[in-house]
Asks: 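The structure follows.
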Amino acid sequence: MPYVIAEPCIDIMDRSCMEECPVDCIYEGDRKLYINPMECIDCGNCEPVCPVEAISQDRRVPPELKDFVADNKRFFTAPLPGRDEPIGLPGGAAGHGPVGTDTELVAAYDPRG
């Protein structure tokens with residue numbers, strides 16, 4: 001998984017990264033954005049435009065945010081709440097549109113700690 005969007009994106013979703021992505025691999029959940037690891041080409045265009053520094057390569061995610069590496073992948077490979085099938089590989093976020101739900105980790109996230 002080349003790039004991951006971690007906790008700082010929750011409830012922010014600036015979407016600057018979506019505009020910079022040349023392959024349209026950044027999908028919108030309910031509270032956070034997610035990078036499809038099967039569509040990402042590892043170009044890095046998304047990372048410098050994120051105003052909250054939520055994006056990094058999977059191997060550079062800070063230790064306290066490592067759960068978001070597996071969680072980002074889970075968004076595409078496991079059925080999400082309210083959905084019968086995983087999102088999988090839809091071929092681009094623009095054609096798919098907002099997903100409207102998040103992984104359990106993000107849905108249960110409490111910003112107050």
Side-chain angles (χ1 to χ4, degrees):
M1 181 182 327
Y3 282 83
V4 172
I5 299 176
E7 180 271 336
C9 183
I10 298 174
D11 297 328
I12 303 294
M13 290 198 303
D14 173 74
R15 296 177 187 81
S16 296
C17 57
M18 295 175 85
E19 295 171 17
E20 293 298 321
C21 181
V23 294
D24 192 31
C25 71
I26 303 173
Y27 291 73
E28 185 177 335
D30 188 42
R31 298 179 66 191
K32 179 183 161 309
L33 302 173
Y34 301 82
I35 296 174
N36 191 322
M38 299 164 284
E39 295 176 348
C40 180
I41 60 170
D42 200 20
C43 70
N45 289 359
C46 57
E47 186 177 20
V49 299
C50 179
V52 294
E53 299 179 359
I55 303 173
S56 61
Q57 290 179 316
D58 63 343
R59 62 188 175 275
R60 293 188 179 161
V61 172
E64 67 274 13
L65 300 176
K66 284 290 185 190
D67 289 345
F68 285 91
V69 174
D71 192 66
N72 191 82
K73 184 176 182 181
R74 189 176 306 114
F75 184 79
F76 300 97
T77 60
L80 297 169
R83 298 178 65 99
D84 295 328
E85 300 288 328
I87 294 170
L89 192 64
H96 188 276
V99 176
T101 190
D102 289 295
T103 60
E104 291 178 6
L105 174 72
V106 173
Y109 176 79
D110 183 354
R112 298 170 295 200

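For clarity, every value in this text was computed on a predicted model and none was experimentally measured.
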Asks: For residues A54 and C9, report the shortest heavy-atom separation together with the two atoms involved.
Replies: CB-N, 3.6 Å
Asks: Could you walk me through whether L105 and E7 pass the side-chain contact (heavy atoms from CB on, under 4.5 Å) check?
Replies: CA-CA 10 Å; L105 174 72; E7 180 271 336; over 6 Å; no
Asks: Could you check whether any side-chain N or O of D71 sits under 3.5 Å from a backbone N or O of V106, counting only pairs where one atom can act as donor and the other as acceptor?
Replies: no
Asks: Got a second to check how far M18's CE is from L33's CG, nearest 0.5 Å?
Replies: 6.0 Å
Asks: Can you tell me if CD on E64 sees more than 12 non-hydrogen neighbours from other groups inside 6.0 Å?
Replies: yes
Asks: Rounded to the nearest 0.5 Å, how far apart are CD1 of I5 and CG of L65?
Replies: 13.0 Å
Asks: Within this structure, what is the CG-CD1 distance for the pair L80 and I87, rounded to the nearest 0.5 Å?
Replies: 5.0 Å
Asks: Got a sec, which residues hit side-chain contact (heavy atoms from CB on, under 4.5 Å) with P86, two or more places apart in sequence or on another chain?
Replies: P79
Asks: To check you understand the geometry: which heavy-atom pair defines the closest contact between D102 and P81, and what is its length?
Replies: O-CD, 3.3 Å
Asks: With no hydrogens and no angle check, is any side-chain donor or acceptor of D58 less than 3.5 Å from a backbone partner on V4?
Replies: no
Asks: Parallel, tilted or perpendicular, judged at 30° and 60°: which one describes the rings of F75 and Y34?
Replies: parallel
Asks: Looking at every non-hydrogen atom in both residues, tell me the closest pair between P111 and R31 and how far apart they are.
Replies: CD-NH2, 4.1 Å
Asks: Measure the spacing between CG of L89 and SG of C25 and express it to the nearest 0.5 Å.
Replies: 10.5 Å
Asks: Are any of the side-chain heavy atoms of Q57 and D42 separated by less than 4.5 Å?
Replies: yes
Asks: For the residue pair G88 and N36, what are the closest heavy atoms and their distance?
Replies: O-ND2, 3.0 Å
Asks: Look at E104 together with R74 and state whether they make a salt bridge at an N to O cut-off of under 4.0 Å.
Replies: no
Asks: Between M38 and V99, is there shared hydrophobic-cluster membership here, with clusters defined by ILVMFWY side-chain heavy atoms closer than 4.5 Å?
Replies: yes
Asks: Would you confirm whether Y3, through its side chain, and P37, through its main-chain N or O, come within 3.5 Å as a donor-acceptor pair?
Replies: no
Asks: Return the set of residues passing salt bridge (Lys or Arg N to Asp or Glu O under 4.0 Å) with D67 (not counting sequence neighbours), or none when no residue passes.
Replies: none
Asks: About how many Å separate SG of C21 and CD1 of I41, when rounded to the nearest 0.5 Å?
Replies: 7.0 Å
Asks: Closer than 3.5 angstrom, by distance alone: can the side chain of E39 be matched with the main-chain N or O of G91 as a donor-acceptor pair?
Replies: yes
Asks: Above 12 or not: heavy atoms from other molecules or residues under 6.0 Å from CG of D110?
Replies: yes
Asks: Atom OG in S56, atom CZ in F68: separation rounded to 0.5 Å?
Replies: 11.5 Å
Asks: So does P51 get a backbone contact from the side chain of D14, meaning a donor-acceptor N/O pair under 3.5 Å?
Replies: no
Asks: side-chain contact (heavy atoms from CB on, under 4.5 Å) for R15 and I26? Distances and angles first, verdict last.
Replies: CA-CA 9 Å; R15 296 177 187 81; I26 303 173; over 6 Å; no
Asks: Does K66 use its side chain to pair, donor to acceptor, with the backbone of V61 at less than 3.5 Å?
Replies: yes
Asks: Using every non-hydrogen atom in the two residues, find where A94 and D24 come nearest and quote the distance to one decimal.
Replies: N-OD2, 2.7 Å
Asks: Should Y27 and V49 be counted in the same cluster of Ile, Leu, Val, Met, Phe, Trp and Tyr side chains packed under 4.5 Å apart?
Replies: no
